[in-house]
J.: 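Quick one: this structure, given as structure tokens, is what I'll be asking you about.
We name chains A, B, ... by the order of the sequence lines, and we start the count at 1 in each one.
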Amino acid sequence: MESQVGGGPAGPALPNGPLLGTNGATDDSKTNLIVNYLPQNMTQDEFKSLFGSIGDIESCKLVRDKITGQSLGYGFVNYSDPNDADKAINTLNGLKLQTKTIKVSYARPSSASIRDANLYVSGLPKTMSQKEMEQLFSQYGRIITSRILLDQATGVSRGVGFIRFDKRIEAEEAIKGLNGQKPLGAAEPITVKFANNPSQKTGQALLTHLYQSSARRYAGPLHHQTQRFRLDNLLNMAYGVKRFSPIAIDGMSGLAGVGLSGGAAGAGWCIFVYNLSPEADESVLWQLFGPFGAVTNVKVIRDFTTNKCKGFGFVTMTNYDEAAMAIASLNGYRLGERVLQVSFKTSKQHKA
DNA sequence: TGGGATT
């Protein structure tokens, strides 16, 4: 019935779920499957026809965001015949669709207690394996799925992972017990919190778009465009030099190593914003940069304990020209009592 | 005056 069953991608369910008793109710545990890691653009019809090719479907549902209608990347299929459910697992689990490898497994019985049991973990030692992470968390309950995110190029851990517990209450206990704690032998404490919904990223991009289209119609830092954009100025800023160098630079070839974030997660131009007030939040960055074009991400860096802004933040913009215009316009911009310093992020070598 | 990372 409801689109939020399970609350998000869930993992392998009990191979033999609890029987529902002797009152004649059907035992769904043998016919009801959960499908994870579906391509974002798969439609309900495509979902149904893929799983319908195995056998008679009693019901199926591609789960979508209640507000945006975006696929959340998982769904449920209930077969009429338990043998077909088994066959679907055997033939479709691990199937590669576009960039995804789908996962097909028995669904756990729907219940409020298993909702919102998914945790996001950051600050993990890069050397910690998935198994070690599971060991750390398993003291708080039964783990349904776990994952450590890897750098696409090197295959090295990004120090970020996910843990889905069987029960919400287990996840809560794990946060209480592990958030801000150092795993044994680790130099830094880990952060443990509830994970965002997988659709939130696209939802955010959607909101960005809506915001931009309205913000462009009203007042905003666009007025500073009178400070016309000039490539030489930008290069000077990017390299931290004062004088214009008459070296001819065609296009962006002179900007190697500056700003452009190549990571698989959200490519774009990363902008460093300095001299924000301790009270600054993400909305101020959206407001400052949004009017210049496509902003995919903003981040205010806060102190771990006080939660106050540490005086700087980052903004990612999709298009070079818009990022350049934002920098040219906002560098030196007076925000309250403070004068902002805005530049492309450069790769700072942290000292050995 | 330089972080975090959302399958």
J.: If hydrophobic residues (ILVMFWY) are linked whenever their side-chain heavy atoms come closer than 4.5 Å, directly or via other members, who joins A/Val339 in its cluster?
T.: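 Other cluster members: none.
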
J.: Output the rounded distance in Å from CD1 (A/Ile163) to P (B/dT7).
T.: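 Atom CD1 in A/Ile163 sits about 16 Å away from atom P in B/dT7.
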
J.: Please give, in whole Å, the distance from B/dT7 C1' to A/Lys193 NZ?
T.: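 Whole-Å distance recorded here is 15 Å.
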
J.: Expressed in angstrom and rounded to an integer, what is the separation of A/Glu188 atom CD from B/dG3 atom P?
T.: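 Between P of B/dG3 and CD of A/Glu188: 12 Å.
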
J.: Looking for any heavy atom pair under 4.0 Å, which part of the strands does A/Phe312 touch: base, sugar-phosphate only, or nothing?
T.: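 Sugar-phosphate only.
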
J.: Please confirm whether the shortest side-chain N or O distance from A/Ser122 to OP1 or OP2 of B/dA5 is below 4.0 Å.
T.: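 So the side chain of A/Ser122 is within the cut-off, an N or O lying under 4.0 Å from OP1 or OP2 of B/dA5.
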
J.: Quick one: on DNA chain B, does A/Gly123 or A/Gln341 contact a more 5' nucleotide (nearest heavy atom)?
T.: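 Checking each residue's closest nucleotide, the 5'-ward one belongs to A/Gln341.
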
J.: Using 30° and 60° as the class limits, which term best fits the ring planes of A/Phe137 and A/Phe165: parallel, tilted or perpendicular?
T.: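 Aromatic pair A/Phe137/A/Phe165 classed tilted.
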
J.: Between B/dT6 atom P and A/Ile148 atom CD1, what is the distance in whole Å?
T.: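 Answer to the nearest Å: 15 Å.
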
J.: Have a look at A/Lys100 and say if it touches a base, only the backbone sugar-phosphate, or nothing, with a 4.0 Å heavy-atom cut-off.
T.: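 Nothing, no nucleic acid heavy atom in range.
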
J.: Any idea which of B/dG4, B/dT1, B/dT7 is nearest the A/Tyr37 side chain?
T.: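 So the nucleotide nearest the side chain must be B/dT7.
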
J.: Could you tell me whether A/Lys308 and A/Glu279 have a side-chain N and a carboxylate O separated by less than 4.0 Å?
T.: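 A salt bridge links A/Lys308 with A/Glu279.
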
J.: Looking at A/Glu172 and A/Lys176, is there a salt bridge between them, counting it only when a charged N and a carboxylate O are closer than 4.0 Å?
T.: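 Answer for the salt bridge query: no.
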
J.: Give the nucleotide from the list B/dT7, B/dT6, B/dT1 with an atom nearest to the side chain of A/Asn196.
T.: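 The nucleotide sitting nearest to the side chain is B/dT6.
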
J.: What is the separation between atom CZ on A/Phe344 and atom P on B/dG3, rounded to the nearest whole Å?
T.: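 Those two atoms, CZ and P, are 19 Å apart.
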
J.: Can you check whether A/Tyr37 and A/Tyr74 have ring centres sitting under 6.0 Å from each other?
T.: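 Ring-ring flag for A/Tyr37/A/Tyr74: false, centres at least 6.0 Å apart.
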
J.: Considering only B/dA5, B/dT1, B/dT7, which nucleotide approaches the side chain of A/Val160 most closely?
T.: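 Minimum distance to the A/Val160 side chain belongs to B/dA5.
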
J.: Output the rounded distance in Å from CD1 (A/Ile271) to C1' (B/dT1).
T.: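 In whole Å, B/dT1 C1' lies 17 Å from A/Ile271 CD1.
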
J.: Does the structure show A/Phe314 stacking with B/dG4, if we require the centres to be closer than 5.5 Å and the planes to be within less than 30 degrees of parallel?
T.: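 A stacking contact does not exist, since A/Phe314 is not both close and nearly parallel to the base ring of B/dG4.
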
J.: Evaluate whether the aromatic ring of A/Phe162 and the six-membered ring of the B/dT6 base sit under 5.5 Å apart, centre to centre, with an inclination under 30°.
T.: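 Base of B/dT6: not stacked against A/Phe162.
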
J.: For the pair made of CD1 in A/Ile102 and P in B/dT7, what is the distance, rounded to whole Å?
T.: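 Taking atom P of B/dT7 as the reference, CD1 of A/Ile102 is at 18 Å.
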
J.: Nearest to the A/Ala195 side chain among B/dG4, B/dG2, B/dT7, which nucleotide is it?
T.: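 The listed nucleotide nearest to A/Ala195's side chain is B/dT7.
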
J.: Which nucleotide sits closest to the side chain of A/Tyr120: B/dT7, B/dG2, B/dT6?
T.: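 Output: B/dT6.
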
J.: Round to the nearest Å and state the distance from A/Ile190 atom CD1 to B/dA5 atom P.
T.: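 After rounding, the gap between these two atoms is 13 Å.
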
J.: Look at the side chain of A/Phe272 and decide which nucleotide, out of B/dT1, B/dG3, B/dA5, has an atom nearest to it.
T.: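 So the nucleotide nearest the side chain must be B/dT1.
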
J.: Measure the distance between the ring centre of A/Tyr274 and the centre of the six-membered base ring of B/dG2, then answer whether it is under 5.5 Å with planes under 30°.
T.: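 No, aromatic ring not over the base.
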
J.: Apply the hydrophobic cluster definition, ILVMFWY joined by side-chain contacts under 4.5 Å directly or through others, and give me every member besides A/Ile301.
T.: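 Answer for A/Ile301: A/Phe272, A/Tyr274, A/Phe312, A/Phe314.
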
